[in-house]
Asker: 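Okay, here's the structure, questions in a sec.
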Amino acid sequence: MTSPVRVRFAPSPTGTLHLGSARSALFNWLYARHFGEQGTYVLRIEDTDQERSTPENVDQALKVFRWLGLDWDEGPGVGGPHEPYFQSQRSDAYSRALEELFASGHAYRAFDTKEQLAADRAEAEAAKRPYVYVGAGRDLDPATSKARADAGEAFSVRFKVPTTGTTVVHDMVLGDTAFENALIGDFVVARADGSPLYNFANVVDDADMEITHVIRGNDHLNNTPKQILIYEALGKPVPAFAHLPMVLGPDGAKLSKRRHHTSNVEQLALAGYAPAAVRNGLALVGWSKDGETEYLASDDLIAAFDVTRVKKSAAQIDYKKLEWLNGEHLRALSVEEWVAGYDAWRTEWMPADAEFAAAADIIDGRAAAELVQEKVATFSEVPAYLSFLVEPFTFTDDAWARLEKTGEVGVTVLTHVTAALEALDAWELDSLEAALRGTCEALELKPGKVFSPIRFAATGRTIAPGLWESLHALGRERSLERLASARDRLSAAVAASVPQA
RNA sequence: GCUCGGUUCGUCUAGUGGCCUAGGACGCUGCCCUCUCACGGCGGUAACACGGGUUCAAAUCCCGUACCGAGUACCA
């Protein structure tokens, strides 16, 4: 029997979910799900920054996690045995832990001034020596320390780091990394009012929640020895660590909202990506199943995921590949699934642009699926394909120019096809196709010569769904009307151009 | 500055001493299929950062250099 695995993701709800953070969340989730019943994924909110951790931001963050499909077993909304899951409500736990540290002699009050600290640091840097905090109050006896604090002297609480030996981080990704204790320096764990700092709060939370595997970004590696020291001081088991390589933007720079349009998960949702595809794509940044498999349905992803296979080096996110992968997922969906995804996108995420929305909503999801499922890579591409159905009918400049170019031939084709279609008993896909192909034969023209003018005339676009599908969606009346009026307009244009030629 | 980590095609990656004249994928691109678009098929393009070792044999192990990144807060 395997021992239970408990992992967590602890975002600070500052509004958006960065793709790098999303991948961290995903890897934690995959790790837990890989172990099935034995795995627990905890979501904890680090909302100590009161300014930015508004209820709206928290809701927004949770909405994004739900969209991505990273369901949590314990955390906001679902509760769990280690409540509360909001850092802002856990101050009791921190003060208890802090008292323990004081009692065991692992923490002390440091009465340094900021000026003194800054000067020390500057001096070390000037001398090209590593800066290590040397605590003046390190060996102050507790009574004196307490007296000075009671007298109102400013202080911070520091952790007493061993001055000898090394602390080694056993990492599932990086292997072992040793840190000299003497170079760590006594770091601050809490402010005078008892409010904890990140390294301390994090360890207390993870220990309380019995987290067994800490999977997080590489940017935390340097914090890890400090955290290990805290675990040990608290007498808690040290979890296993896995530090993930950084995720960079396509230009090799850090991901930023400004430079990268889809640098956060909301933007992907807005653009009409499928959650399963995003999970697949994100998983492939820094990890691979075997170097061959690109498309991984969720079950396969969960089954194949192995944190020890993640790479050590940073990766740039490849948006082109993500888009391609999304197209693969969208095409692999059943019609029902595609419609569900499209409907979800339209109601939850579609941009509030009137023209765009009009095209998106012109027909129901099922009809849209038949027209464009095989053509689009993201849901946001759908409206452009459907815009030909929107009234009033208009030509794009390009489409009219291309139609005009077909000249006499175009007129002949349109005249002929209009008659052929008018004669049709049933306006169905197969009868439409037969009539259109019949036109080719009757006129002894290649399909390309025949279908192009019809497409331009009926849709007013150069890019559209399949021809018979388009005419079918348009309906008999509108199709014939558009064909006839385009024929008239075209023949007028041809007549006008002849004298000049 | 210091500490730590990293370095295979443009990008994501496979690769743990011989199977590698380095494989797959995206991208770009030629041809084919084809009613546009998309899909699909067959090709092409292009990489082991550099320099030293170790070894019969190195992308793989060791050392150095270069470059990139993270951390270096009473931020997280």
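Keep in mind that what you see is a predicted model, and the values were worked out from it rather than measured. Numbered from 1 within each chain, the chains take letters A, B, ... in sequence-line order.
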Asker: Determine the Euclidean distance between corresponding P atoms of B:rC12 and B:rG52; express it in Å to zero decimal places.
Answerer: 28 Å
Asker: For A:F379, run the ring pair (Phe, Tyr, Trp, His ring centres under 6.0 Å) check against A:W338, A:F356, A:Y385, A:Y273 and tell me which one passes.
Answerer: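 Answer after filtering A:W338, A:F356, A:Y385, A:Y273: A:W338.
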Asker: Checking all strands, does A:D193 fall into the base, sugar-phosphate, or nothing category for heavy-atom contacts under 4.0 angstrom?
Answerer: nothing
Asker: Taking only the P atom of each, what is the distance from B:rU72 to B:rG15 in whole angstrom?
Answerer: 33 Å
Asker: When you measure from the centre of the six-membered ring of A:F388, is the NZ or CZ of A:R461 closer than 6.0 Å and no more than 45° off the axis?
Answerer: no
Asker: Write down the atom of A:L26, the atom of A:A283, and the distance for their closest heavy-atom approach.
Answerer: CD2-N, 3.6 Å
Asker: In chain order, what residues pass the salt bridge (Lys or Arg N to Asp or Glu O under 4.0 Å) check against A:K405, with sequence neighbours excluded?
Answerer: none
Asker: In terms of heavy-atom contacts, does CZ of A:R129 have more than 12 from other residues, nucleotides or ligands at under 6.0 Å?
Answerer: no
Asker: Report the base-pairing partner of B:rA22 (Watson-Crick or G-U wobble, both distances below 3.5 angstrom), or none.
Answerer: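 Partner of B:rA22: none.
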Asker: When all nucleic acid strands are considered with a 4.0 Å heavy-atom cut-off, which category describes A:L467: base, sugar-phosphate, or nothing?
Answerer: base
Asker: Counting Watson-Crick and G-U wobble pairs only, both distances under 3.5 Å, name the nucleotide matched with B:rA59, or none.
Answerer: none
Asker: Under 4.0 Å, counting only non-hydrogen atoms across every strand here, what does A:Y198 touch: a base, just sugar-phosphate, or nothing?
Answerer: base
Asker: Using the P atom as the reference point in each nucleotide, state the distance between B:rG27 and B:rC20 in Å, no decimals.
Answerer: 27 Å
Asker: Over all strands shown, is A:T462 touching base, sugar-phosphate only, or nothing at heavy-atom distances under 4.0 angstrom?
Answerer: base
Asker: How would you label the contact of A:P465 with the nucleic acid (heavy atoms, under 4.0 Å): base, sugar-phosphate, or nothing?
Answerer: base
Asker: Any base atoms under 4.0 Å from A:R402, or only sugar-phosphate, or nothing? Heavy atoms, all strands.
Answerer: nothing
Asker: Report the base-pairing partner of B:rC37 (Watson-Crick or G-U wobble, both distances below 3.5 angstrom), or none.
Answerer: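 For B:rC37, the partner nucleotide comes out as none, under the 3.5 Å rule.
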Asker: Going 5' to 3' along RNA chain B, which nucleotides are the first and last within contact of chain A (any atom under 4.0 Å from a heavy atom)?
Answerer: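 Range of nucleotides touched by chain A: B:rG1 to B:rA76.
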Asker: When all nucleic acid strands are considered with a 4.0 Å heavy-atom cut-off, which category describes A:E46: base, sugar-phosphate, or nothing?
Answerer: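 Sugar-phosphate, backbone atoms only, no base.
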Asker: Does A:A464 reach a base, just sugar-phosphate, or nothing at all? Heavy atoms under 4.0 Å.
Answerer: base
Asker: Paired with B:rU45: which nucleotide, if any, by Watson-Crick or G-U wobble criteria at under 3.5 Å for both distances?
Answerer: B:rG27
Asker: Tell me what A:G286 touches on the nucleic acid: a base, only sugar-phosphate, or nothing, going by heavy atoms under 4.0 Å.
Answerer: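 Sugar-phosphate: the residue A:G286, judged by heavy atoms under 4.0 Å, touches backbone atoms but no base.
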Asker: If we call it a pair only when both distances are under 3.5 Å in a Watson-Crick or G-U wobble match, what pairs with B:rC75?
Answerer: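 Pair assignment: B:rC75 / none.
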Asker: Determine whether the side chains of A:S298 and A:R279 contain a donor N or O and an acceptor N or O closer than 3.5 Å.
Answerer: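 Yes, A:R279 and A:S298 have a side-chain donor paired with an acceptor closer than 3.5 Å.
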Asker: Write down the atom of A:A377, the atom of A:L330, and the distance for their closest heavy-atom approach.
Answerer: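 Residues A:A377 and A:L330, closest heavy atoms: O-CD2, 3.4 Å.
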Asker: Checking all strands, does A:Y385 fall into the base, sugar-phosphate, or nothing category for heavy-atom contacts under 4.0 angstrom?
Answerer: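 Answer is base: heavy atoms of A:Y385 come under 4.0 Å of a base.
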Asker: Could you check which nucleotide pairs with B:rG5 in any of the strands shown, counting Watson-Crick or G-U wobble with both distances under 3.5 Å?
Answerer: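 Per the H-bond distance test, B:rC68.
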Asker: Classify A:D219 by what it touches in the nucleic acid, base, sugar-phosphate, or nothing, heavy-atom distance under 4.0 Å.
Answerer: sugar-phosphate
Asker: How about A:D306 and A:T308: does a side-chain donor come under 3.5 Å of a side-chain acceptor?
Answerer: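 Yes, a side-chain donor-acceptor pair sits under 3.5 Å.
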Asker: Under 4.0 angstrom, heavy atoms only, what part of the nucleic acid is A:H243 near: base, sugar-phosphate, or nothing?
Answerer: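 Counting heavy atoms under 4.0 Å across all strands, no contact is made by A:H243.
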Asker: Using a 4.0 Å heavy-atom cut-off across all strands, classify A:D290 as base, sugar-phosphate, or nothing.
Answerer: sugar-phosphate
Asker: Cationic tip of A:R437 within the cone over A:F451's six-membered ring, i.e. under 6.0 Å and within 45° of the normal?
Answerer: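 Because its charged atom misses either the 6.0 Å distance or the 45° angle limit, A:R437 does not stack over A:F451.
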Asker: Considering every strand and a 4.0 Å limit on heavy-atom distances, what is the contact class for A:R461: base, sugar-phosphate, or nothing?
Answerer: nothing
Asker: For B:rG17, which nucleotide is its Watson-Crick or G-U wobble mate, given both distances must be under 3.5 Å?
Answerer: none
Asker: Using Watson-Crick or G-U wobble geometry with both distances below 3.5 Å, tell me the partner of B:rU54, or none.
Answerer: none
